[in-house]
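Since the model is a prediction, treat every value here as computed from it, not as a measurement. A, B, ... follow the sequence lines: proteins, then strands. Residue 1 opens every chain.
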2 protein chains.
Amino acid sequence: MTITFIGAGNVAWHLAPALENAGHHVLSVYSRQLTHARQLATMLYDARPISDLNLAENPSQLFILAVPDNAIDEVCARIVLPEGATLVHTSGGQPLERLQQLVGIYSDIPVKTGVFYPLQTFTRGRALLDFEQIPLCIEADNDETEGQLVTMGQEISTIVYLVDSAERRALHVAAVLACNFTNHFMALAKDITDAEDLEFDLLKPLIRETIRKALDAEHPADVQTGPARRHDTQVMQNHLAYLRTRPVVARLYGVVSESISERAKA
Amino acid sequence: MTITFIGAGNVAWHLAPALENAGHHVLSVYSRQLTHARQLATMLYDARPISDLNLAENPSQLFILAVPDNAIDEVCARIVLPEGATLVHTSGGQPLERLQQLVGIYSDIPVKTGVFYPLQTFTRGRALLDFEQIPLCIEADNDETEGQLVTMGQEISTIVYLVDSAERRALHVAAVLACNFTNHFMALAKDITDAEDLEFDLLKPLIRETIRKALDAEHPADVQTGPARRHDTQVMQNHLAYLRTRPVVARLYGVVSESISERAKA
(Lines give C-alpha, C1' and ligand atoms only; values in the text may rest on other atoms or scores of the structure.)
Protein backbone atom coordinates (compact mmCIF):
# COMPACT_ATOMS: atom_id res chain seq x y z
CA MET A 1 0.00 0.00 0.00
CA THR A 2 1.00 3.60 -0.50
CA ILE A 3 0.67 5.54 2.70
CA THR A 4 0.70 9.10 3.99
CA PHE A 5 1.26 9.77 7.66
CA ILE A 6 -0.59 12.73 9.16
CA GLY A 7 1.56 13.43 12.18
CA ALA A 8 5.25 12.79 12.78
CA GLY A 9 5.16 12.22 16.51
CA ASN A 10 5.65 9.21 18.78
CA VAL A 11 3.35 6.74 17.00
CA ALA A 12 4.38 7.65 13.44
CA TRP A 13 8.05 7.51 14.42
CA HIS A 14 7.77 3.78 15.15
CA LEU A 15 4.89 2.71 12.91
CA ALA A 16 6.07 4.23 9.62
CA PRO A 17 9.42 2.35 9.52
CA ALA A 18 7.68 -0.87 10.60
CA LEU A 19 5.22 -0.62 7.69
CA GLU A 20 8.05 0.12 5.26
CA ASN A 21 9.93 -2.93 6.54
CA ALA A 22 6.83 -4.97 5.71
CA GLY A 23 6.97 -3.74 2.11
CA HIS A 24 4.61 -0.76 2.16
CA HIS A 25 5.62 2.61 0.81
CA VAL A 26 5.28 5.83 2.78
CA LEU A 27 4.87 8.56 0.17
CA SER A 28 4.58 11.57 2.46
CA VAL A 29 4.72 12.66 6.07
CA TYR A 30 2.67 15.65 7.20
CA SER A 31 3.44 17.69 10.25
CA ARG A 32 2.37 21.21 11.22
CA GLN A 33 6.07 21.83 11.71
CA LEU A 34 7.91 20.88 8.55
CA THR A 35 11.11 20.14 10.54
CA HIS A 36 9.29 17.34 12.40
CA ALA A 37 8.03 15.88 9.14
CA ARG A 38 11.57 16.08 7.77
CA GLN A 39 13.08 14.26 10.77
CA LEU A 40 10.77 11.30 10.27
CA ALA A 41 11.10 11.38 6.46
CA THR A 42 14.88 10.97 6.68
CA MET A 43 14.29 7.62 8.42
CA LEU A 44 12.12 6.43 5.53
CA TYR A 45 12.76 5.19 2.01
CA ASP A 46 11.80 8.27 0.00
CA ALA A 47 8.96 9.95 1.86
CA ARG A 48 8.27 13.61 1.20
CA PRO A 49 7.86 15.91 4.22
CA ILE A 50 4.81 18.17 3.82
CA SER A 51 3.04 20.80 5.90
CA ASP A 52 -0.06 21.32 3.79
CA LEU A 53 -3.25 19.36 4.51
CA ASN A 54 -4.69 19.76 1.03
CA LEU A 55 -4.03 16.19 -0.06
CA ALA A 56 -6.58 16.07 -2.90
CA GLU A 57 -3.83 15.24 -5.40
CA ASN A 58 -1.90 12.88 -3.09
CA PRO A 59 -1.82 9.41 -4.66
CA SER A 60 -1.65 7.50 -1.31
CA GLN A 61 -4.23 4.78 -0.78
CA LEU A 62 -4.07 4.99 3.01
CA PHE A 63 -3.87 8.07 5.22
CA ILE A 64 -2.84 7.30 8.78
CA LEU A 65 -3.83 9.91 11.33
CA ALA A 66 -1.20 9.73 14.09
CA VAL A 67 -1.77 12.95 16.03
CA PRO A 68 -2.77 13.50 19.67
CA ASP A 69 -6.49 12.94 20.29
CA ASN A 70 -7.11 16.61 20.89
CA ALA A 71 -5.65 17.53 17.48
CA ILE A 72 -7.94 15.19 15.52
CA ASP A 73 -10.77 17.74 15.28
CA GLU A 74 -8.55 20.45 13.90
CA VAL A 75 -6.85 18.17 11.39
CA CYS A 76 -10.20 16.84 10.15
CA ALA A 77 -11.45 20.40 9.72
CA ARG A 78 -8.53 21.27 7.46
CA ILE A 79 -7.72 18.06 5.63
CA VAL A 80 -8.78 17.54 2.01
CA LEU A 81 -8.54 13.92 0.90
CA PRO A 82 -8.76 12.39 -2.57
CA GLU A 83 -12.01 10.59 -3.39
CA GLY A 84 -12.04 6.96 -2.31
CA ALA A 85 -9.17 7.43 0.13
CA THR A 86 -9.02 5.46 3.37
CA LEU A 87 -8.46 7.44 6.56
CA VAL A 88 -7.60 5.60 9.77
CA HIS A 89 -6.71 6.90 13.19
CA THR A 90 -4.36 5.24 15.68
CA SER A 91 -6.04 6.28 18.90
CA GLY A 92 -7.37 4.21 21.79
CA GLY A 93 -9.67 6.95 22.95
CA GLN A 94 -11.61 7.88 19.81
CA PRO A 95 -14.65 5.93 18.56
CA LEU A 96 -14.67 5.20 14.83
CA GLU A 97 -18.03 6.96 14.63
CA ARG A 98 -16.39 10.22 15.66
CA LEU A 99 -13.93 10.03 12.76
CA GLN A 100 -16.82 9.32 10.36
CA GLN A 101 -18.73 12.32 11.72
CA LEU A 102 -15.76 14.67 11.48
CA VAL A 103 -14.99 13.62 7.93
CA GLY A 104 -18.65 14.01 7.00
CA ILE A 105 -19.02 17.45 8.61
CA TYR A 106 -16.11 18.97 6.81
CA SER A 107 -16.33 17.38 3.39
CA ASP A 108 -18.69 15.74 0.91
CA ILE A 109 -15.98 13.59 -0.61
CA PRO A 110 -16.63 9.93 0.23
CA VAL A 111 -13.88 8.53 2.41
CA LYS A 112 -13.54 5.09 4.01
CA THR A 113 -12.58 5.14 7.67
CA GLY A 114 -10.99 2.77 10.11
CA VAL A 115 -8.88 2.38 13.22
CA PHE A 116 -5.39 0.92 13.48
CA TYR A 117 -4.61 1.15 17.20
CA PRO A 118 -1.28 -0.25 18.39
CA LEU A 119 -1.61 -0.97 22.11
CA GLN A 120 1.80 0.31 23.09
CA THR A 121 3.48 3.44 24.42
CA PHE A 122 5.77 5.09 21.92
CA THR A 123 8.49 7.68 22.33
CA ARG A 124 10.00 9.46 19.36
CA GLY A 125 13.75 9.05 19.36
CA ARG A 126 13.75 5.87 21.44
CA ALA A 127 15.09 2.74 19.67
CA LEU A 128 12.55 1.46 17.13
CA LEU A 129 10.10 -0.96 18.70
CA ASP A 130 9.59 -4.41 17.24
CA PHE A 131 5.88 -4.59 16.44
CA GLU A 132 5.81 -8.38 16.42
CA GLN A 133 4.60 -8.52 20.04
CA ILE A 134 2.54 -5.33 19.96
CA PRO A 135 -1.22 -5.97 19.94
CA LEU A 136 -3.01 -4.19 17.07
CA CYS A 137 -6.68 -3.35 17.46
CA ILE A 138 -8.48 -3.00 14.13
CA GLU A 139 -11.88 -1.59 13.23
CA ALA A 140 -13.34 -0.30 9.96
CA ASP A 141 -16.62 1.04 8.56
CA ASN A 142 -16.57 -1.48 5.69
CA ASP A 143 -15.39 -5.05 5.13
CA GLU A 144 -12.83 -4.19 2.45
CA THR A 145 -10.96 -1.72 4.68
CA GLU A 146 -11.22 -4.11 7.62
CA GLY A 147 -9.60 -6.83 5.52
CA GLN A 148 -6.84 -4.50 4.31
CA LEU A 149 -6.05 -3.32 7.84
CA VAL A 150 -6.03 -6.86 9.24
CA THR A 151 -3.65 -8.01 6.48
CA MET A 152 -1.38 -5.01 7.04
CA GLY A 153 -1.51 -5.61 10.79
CA GLN A 154 -0.58 -9.27 10.44
CA GLU A 155 2.44 -8.33 8.35
CA ILE A 156 3.98 -6.50 11.29
CA SER A 157 2.46 -8.15 14.39
CA THR A 158 1.45 -11.60 15.55
CA ILE A 159 -1.32 -10.15 17.75
CA VAL A 160 -4.08 -8.64 15.64
CA TYR A 161 -7.60 -8.30 17.02
CA LEU A 162 -10.86 -6.90 15.72
CA VAL A 163 -11.93 -4.57 18.52
CA ASP A 164 -15.02 -2.39 18.25
CA SER A 165 -15.14 1.16 19.59
CA ALA A 166 -16.84 0.22 22.87
CA GLU A 167 -14.28 -2.49 23.58
CA ARG A 168 -11.46 -0.17 22.56
CA ARG A 169 -12.67 2.45 25.02
CA ALA A 170 -12.63 -0.15 27.81
CA LEU A 171 -9.12 -1.25 26.79
CA HIS A 172 -8.00 2.36 26.75
CA VAL A 173 -9.35 2.97 30.25
CA ALA A 174 -7.61 -0.20 31.43
CA ALA A 175 -4.38 0.94 29.75
CA VAL A 176 -4.56 4.34 31.45
CA LEU A 177 -4.96 2.63 34.83
CA ALA A 178 -2.27 -0.01 34.28
CA CYS A 179 0.28 2.21 32.53
CA ASN A 180 -0.22 5.97 32.84
CA PHE A 181 -1.21 5.69 36.49
CA THR A 182 1.52 3.21 37.43
CA ASN A 183 4.06 5.52 35.78
CA HIS A 184 2.76 8.39 37.89
CA PHE A 185 3.16 6.41 41.11
CA MET A 186 6.73 5.59 40.16
CA ALA A 187 7.28 9.32 39.60
CA LEU A 188 5.85 10.11 43.06
CA ALA A 189 8.12 7.44 44.56
CA LYS A 190 11.14 9.03 42.91
CA ASP A 191 10.09 12.45 44.22
CA ILE A 192 10.34 10.92 47.70
CA THR A 193 13.72 9.22 47.25
CA ASP A 194 15.06 12.44 45.67
CA ALA A 195 13.86 14.49 48.61
CA GLU A 196 15.55 12.09 51.07
CA ASP A 197 18.77 11.85 49.05
CA LEU A 198 18.20 8.13 48.62
CA GLU A 199 18.85 6.34 45.35
CA PHE A 200 15.77 5.49 43.31
CA ASP A 201 17.80 2.48 42.10
CA LEU A 202 17.11 0.89 45.50
CA LEU A 203 13.48 0.47 44.45
CA LYS A 204 14.04 -0.89 40.96
CA PRO A 205 14.47 -4.60 41.78
CA LEU A 206 11.29 -4.40 43.85
CA ILE A 207 9.36 -2.68 41.06
CA ARG A 208 10.53 -5.23 38.48
CA GLU A 209 9.58 -8.19 40.69
CA THR A 210 6.20 -6.62 41.47
CA ILE A 211 5.39 -6.37 37.77
CA ARG A 212 6.65 -9.90 37.06
CA LYS A 213 4.48 -11.29 39.85
CA ALA A 214 1.42 -9.31 38.79
CA LEU A 215 1.69 -10.41 35.15
CA ASP A 216 2.40 -14.05 36.05
CA ALA A 217 -0.54 -14.28 38.43
CA GLU A 218 -4.00 -15.51 37.48
CA HIS A 219 -5.14 -12.04 38.61
CA PRO A 220 -2.90 -9.21 39.93
CA ALA A 221 -5.26 -8.90 42.90
CA ASP A 222 -4.16 -12.41 43.98
CA VAL A 223 -0.62 -11.13 44.67
CA GLN A 224 -1.56 -7.78 46.22
CA THR A 225 0.59 -7.04 49.26
CA GLY A 226 1.24 -4.04 51.47
CA PRO A 227 -0.27 -2.33 54.52
CA ALA A 228 -3.64 -1.58 52.86
CA ARG A 229 -4.07 -5.22 51.85
CA ARG A 230 -3.25 -6.30 55.44
CA HIS A 231 -5.55 -3.57 56.84
CA ASP A 232 -2.50 -2.47 58.85
CA THR A 233 -3.72 0.92 60.05
CA GLN A 234 -0.68 1.54 62.23
CA VAL A 235 1.72 1.49 59.26
CA MET A 236 -0.70 3.49 57.09
CA GLN A 237 -1.00 6.19 59.75
CA ASN A 238 2.76 6.29 60.03
CA HIS A 239 2.99 6.75 56.25
CA LEU A 240 0.34 9.48 56.25
CA ALA A 241 2.31 11.25 58.98
CA TYR A 242 5.34 11.13 56.70
CA LEU A 243 3.29 12.54 53.82
CA ARG A 244 1.81 15.47 55.79
CA THR A 245 4.02 17.91 53.84
CA ARG A 246 2.69 16.49 50.53
CA PRO A 247 -1.08 16.87 50.83
CA VAL A 248 -1.85 15.77 47.26
CA VAL A 249 0.14 12.55 47.66
CA ALA A 250 -1.34 11.98 51.12
CA ARG A 251 -4.85 12.22 49.65
CA LEU A 252 -3.89 9.76 46.89
CA TYR A 253 -2.40 7.44 49.50
CA GLY A 254 -5.69 7.47 51.35
CA VAL A 255 -8.04 6.82 48.44
CA VAL A 256 -5.88 4.15 46.82
CA SER A 257 -5.42 2.36 50.17
CA GLU A 258 -9.18 2.45 50.67
CA SER A 259 -9.72 0.96 47.24
CA ILE A 260 -7.17 -1.83 47.89
CA SER A 261 -8.77 -2.58 51.23
CA GLU A 262 -12.30 -2.66 49.76
CA ARG A 263 -11.32 -4.82 46.81
CA ALA A 264 -9.70 -7.33 49.21
CA LYS A 265 -12.96 -7.63 51.13
CA ALA A 266 -14.97 -8.22 47.95
CA MET B 1 26.23 -17.31 62.65
CA THR B 2 23.62 -19.50 64.26
CA ILE B 3 20.16 -18.18 63.55
CA THR B 4 16.56 -18.66 64.63
CA PHE B 5 13.75 -17.41 62.43
CA ILE B 6 10.66 -16.08 64.21
CA GLY B 7 8.08 -16.45 61.46
CA ALA B 8 7.93 -18.88 58.54
CA GLY B 9 6.11 -16.69 56.03
CA ASN B 10 7.07 -14.97 52.80
CA VAL B 11 10.30 -13.28 53.94
CA ALA B 12 11.66 -16.23 55.95
CA TRP B 13 10.85 -18.59 53.08
CA HIS B 14 13.39 -16.82 50.85
CA LEU B 15 15.84 -15.36 53.36
CA ALA B 16 16.53 -18.48 55.44
CA PRO B 17 17.80 -20.61 52.51
CA ALA B 18 19.84 -17.65 51.19
CA LEU B 19 21.61 -17.29 54.57
CA GLU B 20 22.26 -21.03 54.73
CA ASN B 21 23.74 -20.91 51.22
CA ALA B 22 26.11 -18.24 52.50
CA GLY B 23 27.32 -20.60 55.25
CA HIS B 24 25.13 -19.63 58.18
CA HIS B 25 23.21 -22.18 60.18
CA VAL B 26 19.50 -21.89 60.90
CA LEU B 27 18.95 -23.79 64.15
CA SER B 28 15.21 -23.31 64.52
CA VAL B 29 12.13 -21.89 62.86
CA TYR B 30 9.28 -20.60 64.98
CA SER B 31 5.73 -20.27 63.76
CA ARG B 32 2.47 -20.00 65.67
CA GLN B 33 1.35 -22.89 63.49
CA LEU B 34 3.86 -25.70 63.78
CA THR B 35 2.97 -27.00 60.28
CA HIS B 36 4.20 -23.71 58.77
CA ALA B 37 7.44 -23.94 60.72
CA ARG B 38 7.81 -27.52 59.51
CA GLN B 39 7.31 -26.61 55.86
CA LEU B 40 10.16 -24.10 55.98
CA ALA B 41 12.38 -26.35 58.12
CA THR B 42 12.25 -29.12 55.49
CA MET B 43 13.90 -26.71 53.04
CA LEU B 44 16.78 -26.09 55.46
CA TYR B 45 19.83 -28.04 56.55
CA ASP B 46 18.71 -29.28 59.96
CA ALA B 47 16.49 -26.58 61.41
CA ARG B 48 14.05 -27.54 64.16
CA PRO B 49 10.43 -26.36 63.80
CA ILE B 50 9.15 -24.84 67.06
CA SER B 51 5.96 -23.18 68.25
CA ASP B 52 7.09 -21.97 71.67
CA LEU B 53 8.47 -18.45 72.12
CA ASN B 54 10.40 -19.24 75.28
CA LEU B 55 13.83 -19.21 73.66
CA ALA B 56 15.87 -18.62 76.83
CA GLU B 57 17.81 -21.84 76.23
CA ASN B 58 18.09 -21.44 72.45
CA PRO B 59 21.80 -21.23 71.50
CA SER B 60 21.24 -19.03 68.38
CA GLN B 61 23.30 -15.83 68.18
CA LEU B 62 20.81 -14.07 65.92
CA PHE B 63 17.02 -14.03 66.09
CA ILE B 64 15.37 -12.78 62.91
CA LEU B 65 11.84 -11.50 63.36
CA ALA B 66 10.09 -12.10 60.03
CA VAL B 67 6.42 -11.68 60.89
CA PRO B 68 3.85 -9.15 59.58
CA ASP B 69 4.24 -5.70 61.15
CA ASN B 70 1.01 -6.05 63.09
CA ALA B 71 2.24 -9.26 64.75
CA ILE B 72 5.49 -7.73 66.07
CA ASP B 73 3.85 -6.39 69.25
CA GLU B 74 2.34 -9.72 70.18
CA VAL B 75 5.55 -11.66 69.48
CA CYS B 76 7.63 -9.21 71.54
CA ALA B 77 5.19 -9.55 74.43
CA ARG B 78 5.62 -13.32 74.51
CA ILE B 79 9.21 -13.90 73.41
CA VAL B 80 11.91 -14.78 75.96
CA LEU B 81 15.42 -14.41 74.58
CA PRO B 82 18.76 -15.56 75.99
CA GLU B 83 20.96 -12.83 77.47
CA GLY B 84 23.16 -11.11 74.92
CA ALA B 85 21.06 -12.28 71.98
CA THR B 86 20.64 -10.11 68.92
CA LEU B 87 17.09 -9.52 67.70
CA VAL B 88 16.52 -7.95 64.27
CA HIS B 89 13.34 -7.30 62.36
CA THR B 90 12.94 -7.36 58.58
CA SER B 91 10.30 -4.69 58.19
CA GLY B 92 10.29 -1.49 56.17
CA GLY B 93 7.60 0.08 58.28
CA GLN B 94 8.95 -0.28 61.83
CA PRO B 95 11.49 2.09 63.38
CA LEU B 96 14.33 0.41 65.24
CA GLU B 97 13.35 2.43 68.31
CA ARG B 98 10.01 0.62 68.43
CA LEU B 99 11.72 -2.76 68.61
CA GLN B 100 13.98 -1.49 71.41
CA GLN B 101 10.95 -0.19 73.32
CA LEU B 102 9.00 -3.41 72.92
CA VAL B 103 11.93 -5.54 74.04
CA GLY B 104 12.49 -3.23 77.02
CA ILE B 105 8.83 -3.19 78.07
CA TYR B 106 8.49 -6.90 78.21
CA SER B 107 11.85 -8.00 79.57
CA ASP B 108 14.85 -6.90 81.63
CA ILE B 109 17.25 -9.18 79.78
CA PRO B 110 19.68 -7.06 77.73
CA VAL B 111 19.22 -7.69 74.00
CA LYS B 112 20.93 -6.07 71.04
CA THR B 113 18.58 -4.94 68.29
CA GLY B 114 18.83 -4.19 64.60
CA VAL B 115 17.07 -4.13 61.27
CA PHE B 116 17.78 -6.32 58.25
CA TYR B 117 15.27 -5.10 55.66
CA PRO B 118 15.37 -6.68 52.21
CA LEU B 119 13.70 -4.26 49.79
CA GLN B 120 11.81 -6.87 47.81
CA THR B 121 8.40 -8.49 47.63
CA PHE B 122 8.42 -12.14 48.66
CA THR B 123 5.91 -14.90 48.14
CA ARG B 124 6.17 -18.18 49.97
CA GLY B 125 6.18 -21.05 47.50
CA ARG B 126 7.43 -18.97 44.57
CA ALA B 127 10.87 -19.99 43.19
CA LEU B 128 13.63 -18.88 45.58
CA LEU B 129 14.80 -15.36 44.82
CA ASP B 130 18.45 -14.63 44.19
CA PHE B 131 19.39 -12.03 46.81
CA GLU B 132 22.41 -10.80 44.86
CA GLN B 133 20.44 -7.90 43.33
CA ILE B 134 18.12 -7.31 46.28
CA PRO B 135 18.95 -4.13 48.23
CA LEU B 136 19.43 -4.76 51.95
CA CYS B 137 18.84 -1.89 54.37
CA ILE B 138 20.73 -2.30 57.64
CA GLU B 139 20.45 -0.52 60.96
CA ALA B 140 21.55 -1.45 64.49
CA ASP B 141 21.60 0.01 67.99
CA ASN B 142 25.32 -0.72 68.37
CA ASP B 143 28.39 -0.84 66.12
CA GLU B 144 29.14 -4.53 66.65
CA THR B 145 25.67 -5.63 65.51
CA GLU B 146 25.80 -3.15 62.63
CA GLY B 147 29.09 -4.68 61.49
CA GLN B 148 27.74 -8.23 61.77
CA LEU B 149 24.61 -7.39 59.81
CA VAL B 150 26.55 -5.59 57.08
CA THR B 151 28.92 -8.55 56.72
CA MET B 152 26.05 -11.00 56.61
CA GLY B 153 24.25 -8.77 54.10
CA GLN B 154 27.27 -8.55 51.83
CA GLU B 155 27.54 -12.32 51.77
CA ILE B 156 24.18 -12.60 50.03
CA SER B 157 23.73 -9.28 48.21
CA THR B 158 25.84 -6.76 46.30
CA ILE B 159 23.58 -3.88 47.39
CA VAL B 160 23.90 -3.25 51.13
CA TYR B 161 23.08 0.15 52.59
CA LEU B 162 23.05 1.63 56.06
CA VAL B 163 19.59 3.21 56.24
CA ASP B 164 18.30 4.84 59.41
CA SER B 165 14.69 4.51 60.54
CA ALA B 166 13.55 7.86 59.09
CA GLU B 167 15.06 7.04 55.70
CA ARG B 168 13.61 3.55 55.85
CA ARG B 169 10.15 4.94 56.44
CA ALA B 170 10.51 7.18 53.38
CA LEU B 171 11.72 4.21 51.31
CA HIS B 172 8.80 2.16 52.54
CA VAL B 173 6.30 4.87 51.58
CA ALA B 174 7.95 5.10 48.14
CA ALA B 175 7.80 1.31 47.80
CA VAL B 176 4.10 1.25 48.66
CA LEU B 177 3.43 3.87 45.97
CA ALA B 178 5.64 2.29 43.32
CA CYS B 179 4.74 -1.35 43.99
CA ASN B 180 1.61 -1.99 46.05
CA PHE B 181 -0.29 0.79 44.30
CA THR B 182 0.89 -0.11 40.79
CA ASN B 183 -0.16 -3.71 41.47
CA HIS B 184 -3.62 -2.48 42.47
CA PHE B 185 -4.01 -0.49 39.25
CA MET B 186 -3.07 -3.56 37.24
CA ALA B 187 -5.75 -5.45 39.19
CA LEU B 188 -8.34 -2.78 38.38
CA ALA B 189 -7.31 -2.95 34.71
CA LYS B 190 -7.83 -6.70 34.71
CA ASP B 191 -11.24 -6.26 36.33
CA ILE B 192 -12.16 -4.17 33.28
CA THR B 193 -10.80 -6.54 30.63
CA ASP B 194 -12.51 -9.44 32.44
CA ALA B 195 -15.83 -7.58 32.47
CA GLU B 196 -15.53 -6.90 28.72
CA ASP B 197 -14.39 -10.43 27.86
CA LEU B 198 -11.14 -9.02 26.53
CA GLU B 199 -7.81 -10.68 27.18
CA PHE B 200 -5.63 -9.03 29.82
CA ASP B 201 -2.71 -10.33 27.75
CA LEU B 202 -3.42 -7.51 25.30
CA LEU B 203 -2.15 -5.05 27.92
CA LYS B 204 0.97 -6.90 28.98
CA PRO B 205 3.40 -5.63 26.29
CA LEU B 206 2.25 -2.09 27.07
CA ILE B 207 2.72 -2.57 30.81
CA ARG B 208 6.22 -4.04 30.34
CA GLU B 209 7.31 -1.20 28.04
CA THR B 210 5.86 1.40 30.42
CA ILE B 211 7.96 0.04 33.27
CA ARG B 212 11.09 -0.23 31.10
CA LYS B 213 10.68 3.38 30.01
CA ALA B 214 10.00 4.65 33.52
CA LEU B 215 13.05 2.87 34.98
CA ASP B 216 15.34 3.92 32.11
CA ALA B 217 14.33 7.57 32.33
CA GLU B 218 16.13 10.21 34.34
CA HIS B 219 12.80 10.62 36.15
CA PRO B 220 9.58 8.63 35.48
CA ALA B 221 7.74 11.96 35.27
CA ASP B 222 9.77 12.75 32.12
CA VAL B 223 8.06 9.91 30.25
CA GLN B 224 4.55 10.39 31.63
CA THR B 225 1.95 10.04 28.88
CA GLY B 226 -1.84 9.73 28.72
CA PRO B 227 -4.89 11.99 28.70
CA ALA B 228 -4.22 13.56 32.12
CA ARG B 229 -0.69 14.51 31.08
CA ARG B 230 -2.05 16.08 27.87
CA HIS B 231 -4.88 17.78 29.82
CA ASP B 232 -7.22 16.05 27.35
CA THR B 233 -10.54 16.59 29.14
CA GLN B 234 -12.59 15.12 26.29
CA VAL B 235 -10.94 11.69 26.61
CA MET B 236 -11.03 11.83 30.42
CA GLN B 237 -14.77 12.61 30.42
CA ASN B 238 -15.30 9.73 28.02
CA HIS B 239 -13.39 7.44 30.41
CA LEU B 240 -15.35 8.67 33.42
CA ALA B 241 -18.58 7.98 31.51
CA TYR B 242 -17.36 4.43 30.99
CA LEU B 243 -16.56 4.11 34.71
CA ARG B 244 -19.96 5.38 35.94
CA THR B 245 -20.87 1.82 37.03
CA ARG B 246 -17.66 1.61 39.09
CA PRO B 247 -17.83 4.64 41.39
CA VAL B 248 -14.74 3.72 43.44
CA VAL B 249 -12.59 3.38 40.31
CA ALA B 250 -14.10 6.54 38.83
CA ARG B 251 -13.12 8.47 41.97
CA LEU B 252 -9.59 7.06 41.77
CA TYR B 253 -9.44 7.96 38.08
CA GLY B 254 -10.31 11.53 38.99
CA VAL B 255 -7.84 12.09 41.82
CA VAL B 256 -4.92 10.36 40.09
CA SER B 257 -5.58 12.31 36.87
CA GLU B 258 -5.64 15.53 38.89
CA SER B 259 -2.34 14.64 40.50
CA ILE B 260 -0.73 13.84 37.12
CA SER B 261 -2.01 17.09 35.69
CA GLU B 262 -0.78 19.13 38.67
CA ARG B 263 2.62 17.51 38.70
CA ALA B 264 3.04 18.26 34.99
CA LYS B 265 2.40 21.95 35.65
CA ALA B 266 4.95 22.05 38.48
Side-chain angles (χ1 to χ4, degrees), chain A residues 68-70 93 119-121 123 133-135 167 169-171 173-190 192-193 196 198 202-207 209-211 214-215 219-221 224-226 230 232 234-235 238-239 242-243 248 251-252 255-256 259-260 262, chain B residues 68-70 93 119-121 133-135 167 169-171 173-190 192-193 196 198 202-207 209-211 213-215 219-221 223-226 230 232 234-235 238-239 242 248 251-252 255-256 259-260 262:
Chain A
D69 282 18
N70 49 13
L119 201 45
Q120 186 51 283
T121 169
T123 307
Q133 295 301 317
I134 296 179
E167 292 170 330
R169 175 168 76 163
L171 263 184
V173 172
V176 167
L177 298 176
C179 298
N180 298 155
F181 285 14
T182 57
N183 187 83
H184 183 55
F185 282 101
M186 288 187 279
L188 295 178
K190 175 142 165 73
I192 289 175
T193 55
E196 301 286 341
L198 291 161
L202 279 170
L203 290 173
K204 289 183 179 178
L206 178 57
I207 292 171
E209 174 71 4
T210 299
I211 305 301
L215 299 189
H219 195 302
Q224 183 69 51
T225 58
R230 294 193 306 272
D232 189 334
Q234 188 220 322
V235 168
N238 192 17
H239 286 180
Y242 174 78
L243 292 172
V248 177
R251 181 165 164 241
L252 276 184
V255 289
V256 179
S259 173
I260 291 173
E262 271 174 33
Chain B
D69 281 19
N70 50 12
L119 200 45
Q120 187 52 282
T121 169
Q133 294 302 318
I134 296 179
E167 293 170 328
R169 176 169 74 163
L171 263 184
V173 173
V176 167
L177 298 176
C179 299
N180 298 156
F181 285 13
T182 58
N183 187 83
H184 182 56
F185 282 101
M186 288 187 278
L188 296 178
K190 174 142 164 77
I192 289 175
T193 55
E196 302 286 340
L198 291 162
L202 279 170
L203 290 173
K204 289 182 179 177
L206 178 58
I207 293 171
E209 173 71 4
T210 299
I211 304 302
K213 262 164 84 164
L215 299 188
H219 196 303
V223 294
Q224 182 69 50
T225 57
R230 293 193 306 272
D232 189 335
Q234 188 219 321
V235 168
N238 192 18
H239 286 180
Y242 173 78
V248 176
R251 181 166 163 240
L252 277 184
V255 288
V256 179
S259 173
I260 291 173
E262 271 174 35

Between A:Leu215 and B:Met186, is a side chain to side chain contact (heavy atoms under 4.5 Å, CB included) present by the stated rule, with each step listed? CA-CA 9 Å; A:Leu215 299 189; B:Met186 288 187 278; 4.2 Å; yes
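Most heavy-atom pairs under 4.5 Å with chain A, from the set B:Gly226, B:Ala221, B:Pro205: that is B:Pro205. Counting heavy-atom pairs under 4.5 Å between each of B:Val255, B:Leu252, B:Leu203, B:Ile260 and chain A puts B:Ile260 at the top. Comparing A:Pro68, A:Gly93, A:Ala175 by how many heavy-atom pairs each has under 4.5 Å with chain B, the most go to A:Ala175. For chain A, the option among B:Asn238, B:Leu188, B:Thr193 with the highest count of heavy-atom pairs below 4.5 Å is B:Asn238. With chain A as the partner, the residue from B:Arg230, B:His219, B:Arg251, B:Glu196 showing the most heavy-atom pairs under 4.5 Å is B:His219. Top candidate by heavy-atom pairs under 4.5 Å with chain A, chosen from B:Arg169, B:Glu262, B:Glu167, is B:Arg169. Of the residues considered (B:Gln133, B:Gln224, B:Lys204), B:Gln224 shows the highest number of contacts with chain A, using heavy-atom pairs under 4.5 Å. Of the listed residues (A:Thr225, A:Asn180, A:Thr210), the one with the most heavy-atom contacts under 4.5 Å to chain B is A:Asn180.
Taking all atoms of both residues into account, the shortest heavy-atom contact from A:Asn183 to B:Val223 is OD1-CG2, 3.7 Å.
The contact between A:Val235 and chain B is made entirely by side chain atoms (from C-beta outward), counting heavy-atom distances below 4.5 Å. If you measure heavy-atom distances from A:Ile192 to chain B, the contacts under 4.5 Å come from the side chain alone. At a 4.5 Å heavy-atom cutoff, the contact between A:Leu198 and chain B is made by side-chain atoms alone. Heavy atoms closer than 4.5 Å to chain A are found in the side chain of B:Val176, but not in its backbone. Heavy atoms closer than 4.5 Å to chain A are found in both the backbone and the side chain of B:Val256. Of the two parts of B:Val248, only the side chain, counted from C-beta on, holds a non-hydrogen atom closer than 4.5 Å to a non-hydrogen atom of chain A.
At least one side-chain heavy atom of A:Ile207 sits less than 4.5 Å from a side-chain heavy atom of B:Ile211.
Using cut-offs of 30° and 60° for the angle between ring planes, the B:Phe185 and A:Phe185 rings count as parallel.
Although no hydrogens or angles enter the test, the distance criterion places no donor-acceptor pair under 3.5 Å between the side chain of A:Gln234 and the main chain of B:Asn70. Using modelled atom types, one side-chain atom of B:Thr182 and one backbone atom of B:Ala178 make a donor-acceptor pair closer than 3.5 Å.
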